[in-house]
Amino acid sequence: MLNLDRRHGQDIGGPCELKSPSSFGEDTFQKQVGFQVLEAYARYHRPEFEQYFSKDFVLGLLQQGYGELHHKDPAIIDFIHSCLRLLISCPSVLDIFSVIQVEVLRMVCERPDPVLCARLSTLLSDFVQCIPKDRTGSLFCQQLVRTISYFQCFANEEQELREYVNQVTRVSTLLQNIWKVDPTTLLPSLQEVFSIISSTELTYEPSIALACLVQHIPVQMITVLIKSLTTDQSVKDSNMTKALCRMIDWLSWPLAHHVDIWVIALLKGLAAVQKFTILIDVTLLKIELVFNRLWYPIVRQGALAVLSHMLLSFQHSPEAFHLVVPRVVPLAQSLATDGHSNSKPFLFQFSELIHCMMYHYSGFPDLYDNILESIKDLPKPGEDKIKLVLNQSAWTSQSNSFAPGFLRPSGKSETGKTGLVNLGNTCYMNSILQTLFMATDFRRHVLSLKMNGSERLMKKLQLLFAFLAHTQRAAYAPKHFLEASRPPWFNAGSQQDCSEYLRFLLDRNHQLFLPSFDVKVA
């Protein structure tokens with residue numbers, strides 16, 4: 001019979017030679033031979049095999065490795081996986097399951113690379129008895145989420161990239177299966193995801209591989225989770241901005257479904273609670289990246305959904321649209337000629353979006369001539385449809401129902417006046433601007449002034465008054481005027497005094513108001 005050295009798990013003689021874990025780290029032929037030897041030994045020498053593959057041996061493999069094999073070598077996991085298959089009918093396997101339950105939690109806390117993590121996920125998917133349970137089950141899921149956030153891909157070849165995506169998918173599928181069996185592990189996992197992507201202090205940039213988790217989160221949870229996030233007073237604007245930016249980056253992850261739904265839901269949720277500063281900053285920062293995703297067929301549909309929402313909701317200024325205008329013609333020409341099966345239908349959707357934006361910002365013919373020429377042969381939406389799309393998409397139209405199809409039409413109020421959007425405790429500015437605008441003589445005087453290059457603040461006030469006088473919108477977000485007129489000692493986002501703001505505004509423009517008006521501030 002075979003004698004085995006328990007100290008090292010090595011063969012020291014016998015009628016046949018049992019292959020060691022190192023056989024599983026070599027080429028395909030050696031792996032095949034090694035498994036055949038294991039299988040034959042387990043079948044014909046079951047008691048000896050059971051004694052050999054003991055819980056102490058498994059613990060040694062997972063903590064110290066085997067010979068020259070490091071304990072983080074994927075071959076160790078492959079070997080254990082194969083032995084478990086051969087030992088599954090033996091009572092002693094229950095003790096081994098208990099050992100593995102403890103060790104896999106330790107392993108994911110050590111942040112294994114995608115290869116090892118994928119092999120470990122396959123083992124746990126085949127032997128669910130090895131998955132940590134109860135409280136340690138939630139902790140295991142949280143640590144696995146954080147491990148995914150450390151994943152990096154350094155491959156350049158297509159086959160290597162495919163293998164990396166496959167590895168990430170295997171890990172995310174394990175999490176999905178755990179969430180299904182034990183739903184109590186889902187919320188802690190999602191909290192861990194948000195903690196990672198919202199952090200402004202990370203020493204690393206979280207991997208976009210986290211996007212693989214989104215497709216496994218029940219869509220019906222979107223409304224509840226987004227409302228909870230956007231109304232949580234403990235979540236700072238800087239953290240929410242960072243989280244939204246990173247979610248938008250997830251649009252680059254292939255095969256990830258529902259990322260666009262989550263991004264749009266978060267955008268709508270922020271609009272519903274009037275977090276317009278975040279929306280403005282994120283849109284201007286990420287609009288070009290989202291547009292560039294349209295070049296890649298595998299992710300372009302989700303990218304177009306996010307791009308459409310960003311552009312159509314950002315109606316107070318052409319700035320966001322004009323950032324992507326130079327990119328429109330090359331993309332339209334490529335879609336028209338690349339021969340891809342979905343390019344033509346996609347081009348129709350893209351063209352409709354561009355027509356809506358050019359209609360809304362119709363005062364820039366020089367910028368749009370080349371675009372109009374490139375899409376002249378495509379169907380053009382009617383004016384009524386364009387107005388309906390624009391009215392339904394503005395930030396002021398967003399309701400607390402985040403799912404698509406629950407948008408409210410928006411238009412001017414019955415008074416015919418346009419409101420000013422609160423940009424984060426900016427009531428002090430809005431109330432003063434509305435009061436000054438409603439003072440007819442004052443408004444006419446401001447609009448009649450002839451400006452030179454030095455009166456930038458007054459020029460912005462003129463533009464604001466002119467816009468409020470002629471726009472058909474229900475509300476306008478005066479972000480640029482806020483940036484130009486906010487006193488330097490006012491903290492952004494904090495409540496301030498109206499009279500102090502008015503005094504500062506009039507002092508800045510005192511010479512322009514006199515002698516026509518004698519404005520006194522108490």
Side-chain angles (χ1 to χ4, degrees), residues 248 251-252 260 263-264 267 279-280 282-395 397 404 407 409-411 463 466-467 470-473 476-477 479-480:
I248 291 172
L251 291 169
S252 302
D260 57 313
V263 170
I264 293 172
L267 292 170
L279 292 170
I280 290 169
V282 171
T283 299
L284 295 177
L285 182 64
K286 290 295 184 179
I287 194 76
E288 293 171 283
L289 181 144
V290 175
F291 189 95
N292 288 341
R293 300 281 76 79
L294 303 182
W295 286 90
Y296 305 100
I298 195 169
V299 297
R300 67 170 41 144
Q301 202 62 54
L304 180 63
V306 174
L307 180 74
S308 298
H309 183 83
M310 282 181 149
L311 289 178
L312 292 170
S313 60
F314 195 97
Q315 293 187 19
H316 64 283
S317 161
E319 187 175 0
F321 178 52
H322 287 176
L323 283 174
V324 300
V325 159
R327 305 164 190 260
V328 171
V329 172
L331 178 63
Q333 291 173 341
S334 176
L335 291 170
T337 58
D338 67 7
H340 197 277
S341 58
N342 73 352
S343 291
K344 286 293 178 65
F346 183 83
L347 179 56
F348 293 159
Q349 299 175 50
F350 177 67
S351 171
E352 185 172 292
L353 169 64
I354 298 304
H355 275 298
C356 288
M357 299 313 300
M358 291 190 298
Y359 175 89
H360 187 59
Y361 302 116
S362 56
F364 303 89
D366 293 344
L367 287 177
Y368 304 153
D369 283 347
N370 290 340
I371 296 177
L372 290 169
E373 178 64 24
S374 68
I375 60 177
K376 64 181 180 181
D377 297 328
L378 300 174
K380 180 181 178 180
E383 186 174 357
D384 289 342
K385 182 177 182 180
I386 291 176
K387 288 181 177 179
L388 178 63
V389 170
L390 291 170
N391 284 338
Q392 289 179 335
S393 304
W395 285 332
S397 307
L407 297 172
S410 174
L463 292 174
F467 185 87
H470 299 290
T471 184
Q472 294 303 307
R473 299 184 204 174
Y476 174 70
K479 177 177 182 287
H480 296 297

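In this text the structure is predicted, and so the values were computed from the model without any measurement.
Counting heavy atoms from C-beta outward, Phe350 and Ile375 have side chains that stay 4.5 Å or more apart. Arg327 places a side-chain heavy atom less than 4.5 Å from the side chain of Asn292. Taking 4.5 Å as the limit, some side-chain heavy atom of Leu284 sits within range of a side-chain heavy atom of Phe314. For the pair Ser343/Arg300, a side-chain contact is recorded, criterion being any heavy-atom separation below 4.5 Å from C-beta on. No side-chain heavy atom of Val299 sits less than 4.5 Å from a side-chain heavy atom of Leu251. The closest side-chain heavy-atom distance from Phe321 to Ile287 is not below 4.5 Å. Between Val306 and Lys286, every side-chain heavy-atom pair lies at or beyond the 4.5 Å cut-off. Using a 4.5 Å heavy-atom cutoff, the side chains of Leu312 and Met357 are in contact.
Remark: Asn342 CG to Leu335 CG distance equals 8.5 Å, nearest 0.5 Å. To the nearest 0.5 Å, atom CG of residue Leu347 and atom CG of residue Leu294 are 11.0 Å apart. Between Ile354 atom CD1 and Leu378 atom CG the span is 11.5 Å, to the nearest 0.5 Å. Between Met358 atom CE and Leu367 atom CG the span is 11.0 Å, to the nearest 0.5 Å. With rounding to the nearest 0.5 Å, the separation of CD in Gln392 from OG in Ser313 is 13.5 Å.
In this pair, His480 and His316 present their aromatic rings tilted. The plane angle is within the 30 to 60° band.
Pairing each heavy atom of Pro379 with each of His355, the nearest pair is O-CD2, 4.4 Å. Taking both residues in full, the closest heavy atoms of Ala305 and Asp260 are given as CB-OD2, 3.8 Å, listed atom of the first, atom of the second, then distance. Scanning both residues, Thr283 and Ala320, for their nearest heavy atoms gives CG2-CB, 3.9 Å. Of all the heavy atoms in Ala303 and Val290, the pair that sits closest is O-CG1, 3.4 Å. What you find for Pro381 and Glu352 is that their closest heavy atoms are CG-CG, 3.8 Å.
In this structure, Gln315 contributes its side chain and Leu390 its backbone to a donor-acceptor pair below 3.5 Å. Panel note: side chain Ser308, backbone Leu304; a donor-acceptor pair is recorded below 3.5 Å. A donor-acceptor pair under 3.5 Å links the side-chain atoms of Tyr368 to the main chain of Tyr361, judged by distance alone. Of the possible polar contacts, one joining the Ser374 side chain to the Ile371 backbone as a donor-acceptor pair under 3.5 Å is found.
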task: Tell me, with the steps shown, if Met310 and Ile264 meet side chain to side chain contact (heavy atoms under 4.5 Å, CB included).
output: CA-CA 8 Å; Met310 282 181 149; Ile264 293 172; over 6 Å; no
Quick one, Leu311 with Phe291, criterion side chain to side chain contact (heavy atoms under 4.5 Å, CB included). Give me CA distance, side-chain angles, the key distance, then yes/no.
CA-CA 11 Å; Leu311 289 178; Phe291 189 95; over 6 Å; no
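The distance between the ring centers of His322 and Phe364 falls below 6.0 angstrom.
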